[in-house]
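Data first, discussion second: the structure below is written as structure tokens.
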Amino acid sequence: MSPVPGGGQPTIVSIARQAGVSIASVSRALNGLGARRETVERVERAASELGYVPNAVARSLKDGRTRQLTFALPDIGNPAYVAMVRASTAPPTENTRST
């Protein structure tokens, strides 16, 4: 793993430096927005070497979606409510619709 300048978490700037590409190219490659295959491979390799993990909070601020579900339940001990919460956290099936 190559060190990140300043010792913090890897950023698209440090990935760009490691991969030898522009910051815009890193952004396009990581977001699947159209980059040459060679560029995508270099960016992915650099991201992996640096231990890059996308920041979920930053992504939710950017796209305005948290991908979280909140429940307000009057009685958490009620078996009907427990069943609803369990069903909502189950892995999606082929009949699950994404909105």
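A quick note: this is a predicted structure, and the numbers were derived from the prediction, not measured.
The heavy-atom pair separating Leu50 from Pro10 by the smallest distance is O-CG, 2.9 Å. Across all non-hydrogen atoms, the minimal contact from Ser88 to Val85 is OG-O, 2.8 Å.
Atoms CD and OG, on Gln18 and Ser48 in that order, are 10.5 Å from each other to the nearest 0.5 Å. Once rounded to the nearest 0.5 Å, the distance linking CG of Leu30 with CD1 of Ile15 reads 5.5 Å. Taken to the nearest 0.5 Å, the CD1 atom of Ile23 stands 8.0 Å off from the OG1 atom of Thr11.
One hydrophobic cluster holds both Val26 and Val13 under the rule that ILVMFWY side chains link at heavy-atom gaps under 4.5 Å.
Asn78 places a side-chain N or O within donor-acceptor distance of the main-chain N or O of Ala80, the cut-off being under 3.5 Å.
Side-chain contact, Arg28 with Ser25: a donor N or O sits under 3.5 Å from an acceptor N or O.
Using a 4.5 Å heavy-atom threshold, the side chains of Ser14 and Tyr52 count as separate.
Scored by the salt bridge (charged side-chain N to carboxylate O under 4.0 Å, His left out) test, Arg42 finds Glu38 as partners (sequence neighbours excluded).
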